[in-house]
Amino acid sequence: MSRVTARRKMLRITPEGQIRRPDSLAVEEPLELRLDGRSLAVTMRTPGNDIDLAHGFLLGENIIGAREDIVSARYCAGTDENGQNTYNVLDIQLRTATPVPARNFLTTSACGLCGKTALDEVRTGTRFPLPDDGPLVDADLLAALPDELRSRQTVFDATGGLHAAGLFTTDGAALAVREDVGRHNAVDKVIGWALREDRVPAHDLVLVVSGRASFELAQKAVMAGIPVLCAVSAPSSLAVDLAADSGLTLAGFVRGDTMNVYTATHRVRLPRPAAPAGGATLRH
């Protein structure tokens with residue numbers, strides 16, 4: 001499918017005048033996820049990489065722990081006014097029957113959870129505890145990753161309306177980058193890719209997101225065994241609490257050559273301080 005952008009008429013108003021012309025917009029459509037024919041969740045997403053999205057979502061909700069847990073994923077009922085399949089209903093068959101969780105997955109902010117309950121659920125549900133030590137990531141490399149992510153946001157270039165998430169190695173190589181109208185969907189898509197490529201637990205990877213770091217994104221990183229989360233904007237207080245509780249390295253406001261590292265700072269290799277003018281040696 002290539003339904004990631006759509007054209008709509010608009011009136012552009014500028015100091016120099018007005019012009020009517022089409023504009024490229026990011027497509028937003030619902031995706032219903034079903035487990036063995038039973039409705040589980042509906043998310044508003046940008047079409048594409050839906051299989052990865054489903055894998056990442058189910059891993060983040062602790063419904064699966066490996067790609068082998070899913071027998072099949074297929075598009076099913078759902079047609080438009082012309083009778084064409086909308087590809088907006090995805091039915092997943094699990095290897096082992098799993099009761100549909102009672103949680104309301106239509107709520108997007110922190111998956112409808114709050115406070116200590118949310119932290120306890122992640123703590124008890126984590127299949128892949130984060131390692132206490134590595135990996136080590138150079139601060140200079142970490143600072144460069146948002147620009148690397150941005151350079152791969154091709155649909156954002158056309159629309160200006162998408163979030164992005166990327167998985168990088170600790171030497172800066174981009175393994176997977178996905179865009180979506182929902183920041184949580186973009187993360188699910190790259191984590192789902194990692195799961196399908198047998199890269200979970202992702203103890204050697206860095207997750208980079210184009211916006212803020214919410215509790216939900218920190219949760220998804222922890223559930224996939226990703227030890228480092230790097231965000232262009234601010235983290236929420238609950239995201240920092242979860243990161244501290246889980247041993248996740250959480251860096252926010254990663255812009256230019258500055259960043260705030262809130263938790264598990266031992267994984268960030270700090271740059272050497274610049275030598276003072278004249279070659280003098282600093283003494284402490």
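By convention here, the first residue in the shown sequence is residue 1.
- The minimum heavy-atom distance linking Ile92 with Ala73 is given by the pair CG1-CB, 4.2 Å.
- Here Leu195 contributes atom CG and Ile64 contributes atom CD1; the two are 5.0 Å apart, rounded to the nearest 0.5 Å.
- Side-chain heavy atoms closer than 4.5 Å link hydrophobic residues (I, L, V, M, F, W, Y) into clusters, and following such links, possibly through other members, connects Phe57 to Leu167.
- Two residues are said to be in side-chain contact when any heavy atoms from C-beta on lie closer than 4.5 Å; His163 and Val209 fail this criterion.
- Between the side chains of Ser24 and Arg7, at least one donor N or O lies within less than 3.5 Å of an accepting N or O.
- Side chains of Leu94 and Ile63 form a contact here, defined as non-hydrogen atoms less than 4.5 Å apart.
- No side-chain N or O of Ser233 forms a donor-acceptor pair with one of Arg212 less than 3.5 Å apart.
- Looking at heavy atoms from C-beta onward, Leu217 lies in side-chain contact with His184 at the 4.5 angstrom threshold.
- Side-chain contact check for Tyr75 and Asp91: no donor-acceptor pair (N or O, by modelled atom type) lies under 3.5 Å.
- Considering Arg196, Arg45, Arg67, Lys189 in turn, Arg196 is the only one that fulfils the salt bridge (charged side-chain N to carboxylate O under 4.0 Å, His left out) rule with Asp52.
- Side-chain contact between Pro146 and Arg255: absent, with no pair of heavy atoms (C-beta onward) separated by less than 4.5 Å.
- Between Leu250 and Val261, every side-chain heavy-atom pair lies at or beyond the 4.5 Å cut-off.
- The backbone N or O of Ala66 lies less than 3.5 Å from a partner atom in the side chain of Asp69, making a donor-acceptor pair.
- Arg152 has no carboxylate O lying under 4.0 Å from a charged side-chain N of Glu179, or vice versa, which leaves the two without a salt bridge.
- In this structure, Leu40 CG and Arg34 CZ are separated by 11.5 Å, a value rounded to the nearest 0.5 Å.
- Screening Leu31, Asp180, Val27 against Pro47 for a side-chain contact (heavy atoms from CB on, under 4.5 Å) leaves a single residue, Val27.
- Between the side chain of His203 and the backbone N or O of Pro129 there is at least one donor-acceptor pair closer than 3.5 Å.
- Counting heavy atoms from C-beta outward, Thr263 and Val240 have side chains that approach closer than 4.5 Å.
- A salt bridge is defined here as a Lys NZ or Arg NE, NH1 or NH2 lying under 4.0 Å from an Asp or Glu carboxylate O, and Glu148 with Arg150 fails to meet this definition.
- Here Leu53 contributes atom CG and Thr43 contributes atom OG1; the two are 6.5 Å apart, rounded to the nearest 0.5 Å.
- Comment: Asp204 engages Arg199 in a salt bridge, judged by a side-chain N to carboxylate O separation of less than 4.0 angstrom.
- If you run side-chain contact (heavy atoms from CB on, under 4.5 Å) between Val228 and each of Leu248, Leu136, Leu207, Leu142, only Leu142 comes through.
- Using modelled atom types, one finds no donor on one side chain facing an acceptor on the other under 3.5 Å when comparing Thr46 with Asn185.
- Side chain of Thr249 to main chain of Thr265: no donor-acceptor pair is present (N/O by atom type, distance under 3.5 Å, no hydrogens or angles).
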Trace of the side-chain contact (heavy atoms from CB on, under 4.5 Å) decision for Asp23 with Thr159: CA-CA 8 Å; Asp23 193 21; Thr159 66; over 6 Å; no
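- For Asp198, the CG atom sits in a packed shell: over 12 heavy atoms of surrounding residues, nucleotides or ligands are nearer than 6.0 Å.
- The closest donor-acceptor contact from the side chain of Arg20 to the backbone of Arg12 lies at 3.5 Å or more, if one exists at all.
- Counting only heavy atoms from C-beta outward, the side chains of Val206 and Val208 approach each other to under 4.5 Å.
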